[in-house]
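Read through the structure below, which is laid out as structure tokens, and then see the notes.
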Amino acid sequence: MRTILDLKKGESAVVVRFSNDSLSCKLLTMGILPDAKITMIRKAPFGGAFYLKLNGLNVAVRSSEAATIIIKE
Amino acid sequence: MSKKEKQIVALIGNPNSGKSSLFNILTGLRQQVGNFPGVTVDKKIGSTDLGNNNFVDIIDLPGTYSMYPNSSDERIVTEILTNPDNPNFPDAIIYVLDVMNMERHLLLASQLIDLQIPMVLALNMTDIAEKEGLVYDSEYLEKKMGVKIVPISCREEKNIDILKATTLEKLRNPIEAKSNEFYSFSKSDKAVIEKLQPFLKEENKYRVLLVAHHHHWLKHISAADRINIKNITDGVHFESIKSQINETMSRFAKFTPFVRQLEAKANPKSESVTDAIDNVITHRVFGPIIFFGIMLLVFQVIFSWSEYPMTWIEDAFAWGENTVKDLLPDGWFTRLLTEGIIAGLGGIMVFIPQILFLFLLISLLEEVGYMSRAVFMFDKLFQKFGLNGRSIVALVSSGACAIPAIMSTRTISNWRERLITIMVAPLISCSARIPVYTVLIGFVVPAGSFMGFNQQGLAFMGLYLLSIVAALGSAMVFNIILKKDNNSYLMMELPIYKPPIWKNIFYNVKEKVLAFIVEAGKVIFVISIILWFLASYGPAAKMKMAETQATEISAIKGLDDEASEQLLASLKIENSYAGHLGKFIEPVIKPLGFDWKIGIALITSFAAREVFVGTMATIYSIGGTDDESTIRERMASEVDPITGKPIYGFATSLSLLIFYVFAMQCMSTLAVTKRETKSWKWPIIQFVYMSALAYLGSLLVYQLFA
């Protein structure tokens, strides 16, 4: 099972589903939906967070949050 | 609704939708900040004329992504909209959405449609869309969503009058304005609504569903009702999270096809510019370096820009004091007015330039979108200390004043992280410590340069660094002590960079500065009057004795008028209530190298640190409270009557500096902590731990160097 954590800098992938229900509520309300294409832009300077890009939205998520976003193999 | 004087129009929208810009345009200088009853969320309200003298009250509600809120700020939206009896329940809603992010911003809009409150959709940022060559089909969207849509631009203030007229129309025909249901409820939603509706006696089905989701924290639901509602929802096996996910997904599925872009570029310029800037600004190496560079610049600018206005304010108050003294006959009232009230007011006002410039620069960084990048960069680092990336805004603001800083923690949704931020923010050296540092630093570090840098400037920076280390260290301790929870998250939008809208900055700065004047001002004001009383009066017999003594000494020494007056003043303060207090605590502060005179200053500084300089001036009886150099000269010549050594030697001065770095000497901050944490427990803990830190720090320093 691949998650956002498996993306290298500059790589993109399509969201399949989320592995944590309560976190997914928050991701969904921000417009991070299944079938959305997410691009990994970069890691935060001190690690722990990612700068992601999807459909006109730039968003910062923690590793723990990114780990719940499951992407297509 | 008839009991309300004016109709209420609420502005609702996602964060970064430009909602506040619209609020500023609509209300201008008529806006006020108040509080929603029972919660500490700022309520921004102002009246506007929708046309032909139809005045309504506009309320700016906190930006939120959906009716399922994350932070205490966002909760207020759900709180108000689920309770039609709430005094702030709107008669109509203006929903502001960013046309560049139409899809995502439609989620909350579709939820509001289901609440069936008359609503207008304001399609904002049409100026950017135009520049980017994005053509949207708002007529199609209007037909499909079933609500009136007005494309506007807050930046160019375009179509605002059309928006006003449309809103007025909606207010006049509220029944006609009611929209159809947007979301088709799932089976389990229907089940819970059916059971709960008779109990709540609420007509609107979506409102019933929201109460089912949120009953455990909604304030308008009584404790007894919460239990009943819980029984009902449990009875139908209602699963809140599943229902939320299902609702959000179905809403997106329904409205996404409505968003028809007739023409759009594949890669908008504003986005690619943002990407290019972020490549540098959030870079793993350059990012933090740039951040510290910006902070250094910000504080440099604050101090150099504030220097002159601060002198003007001081001069103006000194002039006012003298003028009043000249005009009014001498007496207790004149002295209260000049030495108590005017001096006290001056003590508050003198910090305004620094606070103003700091918030000007922070608002500017926020307005263009930089602050969210800083949050992103430092989140991990701050998490190690039990803080959140969002704490950075509060900690930077603390450099000016802890009061607005503590208020800014409301955006941190996790209570534990927010609490730790509140607890440690006052340790960051604020502008009130500057006059104290300025007076004392000269006794510790001689003037001169070290490797090309101003030595005293370096010492200044050292004190700031010490305060940052203390704040982070204390956060670490709180992080270990406080019970852990797992609801912390970052998940934050990084909006595209936009040129600032100066109007927004203006209102933002105005609000912050006013908050400082009101919150800190009222305390400092009252305290300075009390202090004046304590320092001017004492047990009658002792005061009398001081007077006789002064006359005798002046006669023996043949002092001139001025010198004998000074002598009288210092003898009086020694025998005043304040002097007695100082002597009373002397045994406790002796190990820190402080005498009773410093003791008086410490006592008075517990109200507000900046009072230190004024108190020193009073004790050493120098007219004019803020003339630092004369106070310094007078303090420098002060010698210990027993040893004959200067009182303000290296050890004592350093010890005193350390004390002021750590000590909680600000009643206003404690008052704000009390308000934000809704308990006495946290301000008391804050006071105790900071005072202990100060005492131990000073003790260590004095015993080492004495």
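Note: hydrogens, waters and symmetry copies are ignored here, and every other heavy atom, side chains too, is used. Keep in mind the model is a prediction, meaning the values are calculated, not measured. A note on names: the letters A, B, ... follow the listed sequences, proteins ahead of strands, and every chain is numbered from 1.
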Atom pair [atom1] ([X]) and [atom2] ([Y]), whose distance is rounded to the nearest 0.5 Å:
X	Y	atom1	atom2	answer
B:Glu271	A:Leu57	CD	CG	9.5 Å
B:Leu490	A:Phe50	CG	CZ	11.5 Å
B:Ile241	A:Asn20	CD1	CG	8.0 Å
A:Ser63	B:Gln383	OG	CD	8.5 Å
A:Lys53	B:Leu494	NZ	CG	10.0 Å
A:Ser22	B:Gln244	OG	CD	9.0 Å

Side chains of [X] and [Y]: closer than 4.5 Å at any heavy-atom pair?
X	Y	value
A:Arg62	B:Met491	no
B:Ile245	A:Asp21	yes
A:Tyr51	B:Arg373	yes
B:Met492	A:Met30	no

Portion of [X] that has a non-hydrogen atom of chain A nearer than 4.5 angstrom:
X	answer
B:Thr282	both
B:Phe376	both
B:Asp278	both
B:His105	neither
B:Glu247	neither

>> Heavy-atom pairs under 4.5 Å with chain B: which of A:Thr29, A:Leu23, A:Leu27, A:Leu52 has the most?
In response: A:Thr29
>> Which residues in residues 32-47 of chain A have any heavy atom closer than 4.5 Å to a heavy atom of chain B?
In response: A:Leu33, A:Pro34, A:Arg42, A:Lys43, A:Ala44, A:Pro45, A:Phe46, A:Gly47
> Residues of residues 1-18 of chain A under 4.5 Å from chain B (heavy atom pairs)?
Replying inline: none
> Highest number of heavy-atom pairs under 4.5 Å with chain A: which of B:Thr248, B:Thr64, B:Thr274?
Replying inline: B:Thr248
>> Shorter than 4.5 Å, heavy atoms on both sides: which option in B:Met100, B:Glu103, B:Arg104, B:Arg251 has the most such pairs with chain A?
In response: B:Arg104
> Which residue pairs pass the salt bridge (charged side-chain N to carboxylate O under 4.0 Å, His left out) test with at least one member in residues 283-294 of chain B, sequence neighbours excluded?
Replying inline: none
> With sequence neighbours excluded, what pairs up with B:Asp98 under the side-chain hydrogen bond (donor to acceptor under 3.5 Å, both in side chains) test?
Replying inline: B:Asn101
>> Using only atom types and a distance under 3.5 Å, with no angle test, would you say the side chain of B:Glu493 pairs donor to acceptor with the backbone of A:Asn58?
In response: no
